[in-house]
Structures are given as structure tokens and as C-alpha cells.
Amino acid sequence: MSLKLTNTLTKRLETFKSLKPGEVSIYCCGVTVYDLCHLGHARSYIAWDVLRRYLISQGYQVTFIQNFTDIDDKILAKAAKEHSTMSQVSEKNIKEFHKDMDALGIIRPSRMPRATRCLNGIREMIHKLEKKGAAYSVDGDVYFAVMKHIDYGKLSSRDLSEQQLNADGRIEKEEEARKQSPFDFALWKAAKEGEPSFPSPWGEGRPGWHIECSAMVLQELGETIDIHLGGSDLIFPHHENEIAQSEMANGKQLANYWLHNGMVNVGGQKMSKSLGNFTTIRALLNNGVSPMTLRLFILQAHYRKPLDFTNESIAAASKGWARLNSALCVGLKNHQQLNWPKPEAQEQTFSNLKKYISDESLSNSCQQFIDALDDDLNTSVAISVLFDLSRPLSSLANQLKRGFSPLGDEAENKELQSKWSFLVGLANVLGLQPELSQKEKSPQNQMHNEIEIIEAIKERKAAKLSKNYAQADKIRQELKDKGIELIDKKNGVTEWIKN
RNA sequence: GGCGGCAUGGCCAAGCGGUAAGGCAGAGGAUUGCAAAUCCUUUAUCCCCAGUUCGAAUCUGGGUGCCGCCUCCA
């Protein structure tokens, strides 16, 4: 089997074949940098991160381009509100973007072009469209003439001739009058009073929203690329317009595969800025939701389906992740005790999955995992493979945590070890990386309250011996509140664990 | 009004014609002063109706409900 992807362009599940053998070119629509990213962005970029990781693990050389839209009305509005400038607002939010994406373990794109730095390409493309008669200017604005593009509507299944004008009448009348067709869209917008603007043959102004992506794809990857990515809310008009511009200007198909991710919903409704029902990635992380919990939550659903966000579903993912994570960490924390080779530092390289196919004990799981991802990135099933593999390992982790030294026979130990490194390898394809807790990473504060804990345990033991269980439970609860969990062992010894 | 998607156990979620993955939660048992943890066992006929088929959650037709896009949006 080989990778199959649902192509929005053909509305079908298709076997993926790259233009150049062994190489994949990907363009992903990025964010408009006027604010922090929310969970919807996280979903999109995590899904595409998995696509990228999987392609790399299959041996492809992937060039991944993602833009920053740094010219936009919302950025201007924000700048005005903050008594700042457009570029200051963009700059700040680009930093924040990287902070969030890095936290989520999303591999940075190969390059991240910005609209303000691609103006030449943009002007050239508009000029080209003008020469081909597909663009016209009115009072410093330049519009794309939709009727000139024979295939207009092919991505979003819209038929212009049958298309009734949007009943809600949201389009501004003034602008309407200037357009030849209501679906025409701006390639270049004349500057308004006091706005930042850039020179052009049509006067001072700034690029329309769609043109930057067309220009960037051409500049960074060429006329035709393998895969174009984005949220399903971008299909129309953004991607439709991108196709129209690029294909009209270049005379070539823009992208062979168009992939779109489903929305994150809140109470059945799309999470969006305008509805105000969004939760930022930052807020979630600050509330103690770990990055990998978020990743697990997102990848447990298929990328094309809507995903409902609730506190309960995050809590469920968090519990699930804790279990999986304990298995992923076992070889990192306990390799000395288990006499396992010292694990390599986490790298952004991916072991070739196919090597596991020949390993009898891992072959099945490996094949299941590959089949799942081949099937339009079925991460949900891939994760179930991870959970199956993790069972004996999290059990091992648990025994170790509780002070047992499960010194089984050597063969068994070896099998666990290879299972563990296999699990870590598979999880890495999904970007699920072991999270050692803060306390484990920085063991300060550990020593000075240890004596206190031992004292408390002694006190509790005395209470237990005198059958004063209420007092014993009180002591346990107090420690628990401080993150110390007590475990009574069979032999009467009480051990404690930091959580 | 046009285009598209979805409906699976208490919750989330796979499934793509051969008899329901996985996660969370729950139940029973072992263990425990009680817990925690662990181990074992366990919980669904898939929105409704009709049809195709030896066989359908999966295909077809008709309902019902929900959502997205058509305006900025991942």
C-alpha cells in the first residue's frame, strides 16, 4: 500500500505521487499575524506536521513553505489600537507564533516568506495578469476578472453561471459597482488615507489577500507544486482565487493535491475570532495542558472531520497521554536500571519504519501503523497501535516507579527494550515526544523537603498502628496537596512519589 | 437560495460490503484499615424508513437533525 490522500480538487481519495521522485513540495497557508494563535490553528498545523513527518519517515525530501500574512486590515486595526505600527504588531505576533508552534513540537517550515517581502513577485504577477487581460484597474484598485478563468470554481464546486448572488447582501455596494463581476476580487488595493502603503504601477497601495500566496508559491517552489494545505474554511474564496490567479498567470496547474483540515468546534460551532469562542494555545498551555496532550487530543480525530473542543475531552486526552507518556519515558528515565543502552537524544530524524517490518515481534504493529497513515493519515488508528504497544511498557514504568526491579530474563528485557525504542520511533512520526515532568527535569527543591516527608510518613505510620486512620488519611491528604503521593506497600513500607 | 460535510456505547472517536479499533468514564473480582496503583473480567447492532445483497454501520432512494463555506477566518 502507499499513501492515499483526499484531494479536495478531485473530491477523491488518491494515491500520492510526487512530481519528482523522492521529493515533495508543500505550501501551507499560514496565519495573519495580528493576534495569538488559537486551538484551530494548532489543529491545522499539527495535522500538517504529521503529514510532513510521515513523508520524511517514508524517505521523502520535503520542502515545506508557510507564509506569514503581515499586511492586513486587522493588523492595521490592532496597530491603531495599540498605538503601534503594522510591522511592530506583525513582528511581535510572529515571535509568539514560533513560541507556540515550537512548544507543540511542530517542525519549523523550510522557509516562511512574508507578504511585505514578496512585493516584487506580487507586482509582477499582477502585471502578468493584466497583460493577459485577466486583471483590470479601477481608481488604483486592481481586480481579477473571474470570468476570464475558464475553470473558476473547480476547487469549491461553484458554477458561476448558476451561482446566485449571495442572498445576505454582505458585499459593499460601493465596491460592487466597480467590479465587472461580483466574484471578482482585489489583487491590489489602493491605499487609504494614513495607511502604510507600497508603490506600484497602479499607485500607492497594498496587495490583496490572495495574491501573496500565489506569488510565494511561484517564488519559493515554482509553477506547480505537489501539495497545497489549508483549513477547510479557506477553500472558498481564498484557494479558489489562488488557483485562478496562478493558473491564469503561469498557464500551469498550481497544485496536484489540495488538502483541507476540518474545523475545531465549540459546542457544535466553529471556533473563530468573530464568534469569540476561541481558546488560545497559550491559554491552554498556561493552564497546565501539556503540549503533547493537545497533540494527542487533536490527532485522536481524523484531520478532515470537525473536532469538538470541551474541557472534558481535553481532560480525557490528558489522562490518555499520561499513560502513553509513562511508556515513552521509561527508557529515558530508567535505562541504567534496566541495563538498556543510553538513548540517543531526541532528534528530528526519523527511523525508516520499514526496518521494523522484518522484526517478527514488531512487524504486525508496524504494518498496522503504516497502513493507518497511508489511509489518508488515519492518526486515530495509528494512535491505537501506540496504545497497544505501550501496555507492557507503562506497566514496566509503573513497577519501576513503585520500586520494584522487574529483573525478568534477558530475552524478555531485550524484547521490552526493542519494543520501547520502536514505540518511541512510531510516536515520533506523530510528533508525540516523551514529556519528562518539570520536577524530573529540574530536581531543585527536592532535597530540602525530603526530611519533612519522611517525618510525615513516620507520623502517619504511628497513627496507623494506633488505628487512628482519620489522622493517617489527613496526613496523606496534606502531602497529596503538595504533590506527594503515598503508597502503602505490602511489606508495610510506605513509599512516596512526586507528581 | 447554491455548494459541501456529518449522525456509531455515558463522553470522545475509528470503521470504506463479511458480522463493531482505541482513549476517557463506569461495573465486577483479586489486593487494601481505607486509598492509590496494578492484574483479570466486563459494558453498542451503528438517527429513522424503504431498497440492493447470501450478507450493510458500511451501497441506493427518501426522511429527520446538526455543521461548514458562499464576508475576514486554520
Side-chain angles (χ1 to χ4, degrees), chain A residues 8 11 13 28-32 34 37-48 66 69 72-74 153 156-160 162-172 182-183 209 229-238 240 260-265 268-275 278 296-297 299-310 312-321 323-324 368 372 375-376 378-388 394-395 398-399 401-402 404 463-465 467-470 472-473 476-477 480 485-490 495 497:
Chain A
T8 308
K11 282 105 194 139
L13 191 64
C28 176
C29 278
V31 287
T32 302
Y34 70 102
C37 288
H38 59 65
L39 194 55
H41 300 105
R43 182 187 196 188
S44 189
Y45 301 135
I46 284 174
W48 307 140
Q66 184 171 343
T69 299
D72 175 85
D73 286 340
K74 284 176 184 152
S156 57
S157 316
R158 262 157 243 260
D159 185 341
L160 283 186
E162 285 179 15
Q163 195 71 179
Q164 300 222 334
L165 261 184
N166 158 359
D168 297 5
R170 287 152 166 166
I171 298 165
E172 288 176 46
F183 288 94
W209 174 37
L229 305 170
S232 61
D233 52 354
L234 297 182
I235 295 172
F236 191 91
H238 185 54
E240 195 68 71
H260 291 97
N261 65 275
M263 299 292 102
V264 172
N265 288 170
Q269 273 194 317
K270 176 183 166 182
M271 177 180 285
S272 73
K273 290 277 182 181
S274 45
L275 286 170
F278 61 93
L296 184 70
F297 166 67
L299 295 178
Q300 270 186 318
H302 186 86
Y303 77 90
R304 301 182 67 243
K305 287 203 176 174
L307 171 62
D308 219 48
F309 166 72
T310 61
E312 290 70 32
S313 54
I314 290 287
S318 169
K319 287 267 182 87
W321 170 245
R323 213 150 74 75
L324 196 52
Q368 276 174 34
D375 182 18
D376 202 18
N378 193 333
T379 50
S380 185
V381 168
I383 284 169
S384 76
V385 174
L386 259 38
F387 272 102
D388 285 342
S394 57
S395 168
N398 216 278
Q399 285 180 293
K401 191 174 166 193
R402 267 139 229 285
F404 294 106
K464 273 172 64 174
L465 286 173
K467 303 221 185 256
N468 187 355
Y469 295 123
D473 290 347
R476 179 166 57 195
Q477 186 57 46
K480 196 176 179 183
E485 190 187 349
L486 298 186
I487 297 123
D488 292 337
K489 303 279 278 291
K490 245 196 169 119
E495 292 190 347
I497 291 169

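All figures in this text were calculated on a predicted structure; none of them were measured in a lab.
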| message | Rounding to an integer number of Å, can you tell me how far A:Asn265 CG sits from B:A13 C1'? | response | 15 Å

| request: Take the protein atom CD of A:Gln66 and the nucleotide atom P of B:A74, then report the distance between them rounded to whole Å. | output: 11 Å

| query | CZ of A:Phe236 versus C1' of B:C70: gap in Å, rounded? | reply | 6 Å

| said: Just to be sure I understand the rule, does A:Ile487 reach a base, reach only the sugar-phosphate, or reach nothing, if contact means heavy atoms closer than 4.0 Å? | reply: base

| Which residue lies more 5' along RNA chain B, comparing A:Thr310 with A:Val264 via nearest heavy atoms | A:Thr310

| What's the CG-C1' distance between A:Leu386 and B:A21, to the nearest Å? | 14 Å

| request: Please confirm whether any donor atom in the side chain of A:Asp488 sits under 3.5 Å from an acceptor in the base of B:C34, or the reverse. | output: yes

| request: May I have the step-by-step check of ring pair (Phe, Tyr, Trp, His ring centres under 6.0 Å) for A:Tyr303 and A:Trp48, ending in yes or no? | output: CA-CA 9 Å; A:Tyr303 77 90; A:Trp48 307 140; 5.4 Å; yes

| query | Is any side-chain heavy atom of A:Asp376 less than 4.5 Å from a side-chain heavy atom of A:His302? | reply | yes

| Once you round to the nearest 0.5 Å, how far does CG of A:Leu486 lie from CD of A:Gln477? | 10.5 Å

| query | Between A:Lys11 and B:G4, is there a side-chain N or O to OP1/OP2 distance below 4.0 Å? | reply | no

| query | What is the base-pairing partner of B:U52, counting Watson-Crick and G-U wobble geometry with both distances under 3.5 Å? | reply | none

| task | Would you mind classifying the nucleic acid contact of A:Lys319 as base, sugar-phosphate or nothing, using non-hydrogen atoms under 4.0 angstrom? | result | sugar-phosphate

| request: Report which part of the nucleic acid A:Leu486 touches: base, sugar-phosphate, or nothing (heavy-atom distance under 4.0 Å, all strands). | output: base

| Rounded distance (Å) that lies between atom C1' of B:A36 and atom CD of A:Gln399 | 16 Å

| remark: Paired to B:G10 by Watson-Crick or G-U wobble criteria (both distances under 3.5 Å) is B:C24

| task | Mind checking A:Tyr45 for me? I need base, sugar-phosphate or nothing, with any heavy atom below 4.0 Å counting as a touch. | result | sugar-phosphate

| When all nucleic acid strands are considered with a 4.0 Å heavy-atom cut-off, which category describes A:His238: base, sugar-phosphate, or nothing? | nothing

| task | Please state how far atom CZ in A:Phe309 lies from atom P in B:C11, giving the value in whole angstrom units. | result | 19 Å

| request: Output yes if the stacking criterion (under 5.5 Å between centres, under 30° between planes) is met for A:Tyr469 over the base of B:G33, else no. | output: yes

